[in-house]
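The structure appears below as structure tokens.
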Amino acid sequence: MGHPMQPQQPPPILVSTMNDVPGYRVVQVFGEVFGLTVRSRNAFSDIGASFKGMFGGEQVGYTKLLSDSRWEAINRMRAEAAQRGANAVIAMRFESGEVVPGSTEIAAYGTAVFIVPEQQQPPQQ
């Protein structure tokens, strides 16, 4: 475990939006895994974003917030997959929605699996 103030390194889990991984085969399915985060927007950034929205242009603060939230959700999903013994998550998707006004939930979910190269034999149990 790292220092409490240092971000945790995500486990080495392959994440794919595809239903399979070319050159690999699924030898074990662990089921659905997910990671989620809920973020609230800062009132001051809301004011700045509303001015930016009126005059056009990218709302950089929101873009960064959503990007950071997606990575946090993916890394939490990876951690859950690793805890179950998986080495990959396939069919990964995002879902988002407003929990309460001003707070957005971002969820990453998919199927945790163990994959091996097509020519390799599955691990003996």
Which residues share a salt bridge (charged side-chain N to carboxylate O under 4.0 Å, His left out) with Arg76, sequence neighbours left out = Glu72
Rounded to the nearest 0.5 Å, how far apart are CZ of Arg78 and CG of Asn87?
-> 12.5 Å
Rest of the hydrophobic cluster containing Leu36 (Ile/Leu/Val/Met/Phe/Trp/Tyr, side-chain heavy atoms under 4.5 Å)?
-> Phe34, Tyr109
CD1 (Ile106) and CD1 (Ile74) are apart, to the nearest 0.5 Å, by 10.5 Å
Ignoring hydrogens and angles, write down the donor-acceptor pairs under 3.5 Å from the side chains of residues 88-97, residues two or more places apart or on other chains.
from, atom 1, to, atom 2, distance (Å)
Arg93, NH1, Thr17, O, 2.9

Distance from Gln28 atom CD to Arg84 atom CZ, nearest 0.5 Å?
-> 11.5 Å
For the residue pair Arg25 and Ile115, establish whether any side-chain heavy-atom pair is separated by less than 4.5 Å.
-> no
Distance (rounded to the nearest 0.5 Å) between Asn75 CG and Thr37 OG1 | 11.0 Å
Whether Ser103 side chain and Val99 backbone form a donor-acceptor pair below 3.5 Å | no
Contacts of Asp20 meeting side-chain hydrogen bond (donor to acceptor under 3.5 Å, both in side chains) (sequence neighbours excluded), chain-then-number -> none
With Ala112 via side-chain contact (heavy atoms from CB on, under 4.5 Å) - residues at least two apart = Phe30, Val33, Ala81, Ala86
Under 4.5 Å between side-chain heavy atoms, hopping through other hydrophobics if needed: is there a path connecting Met18 to Val26?
-> no
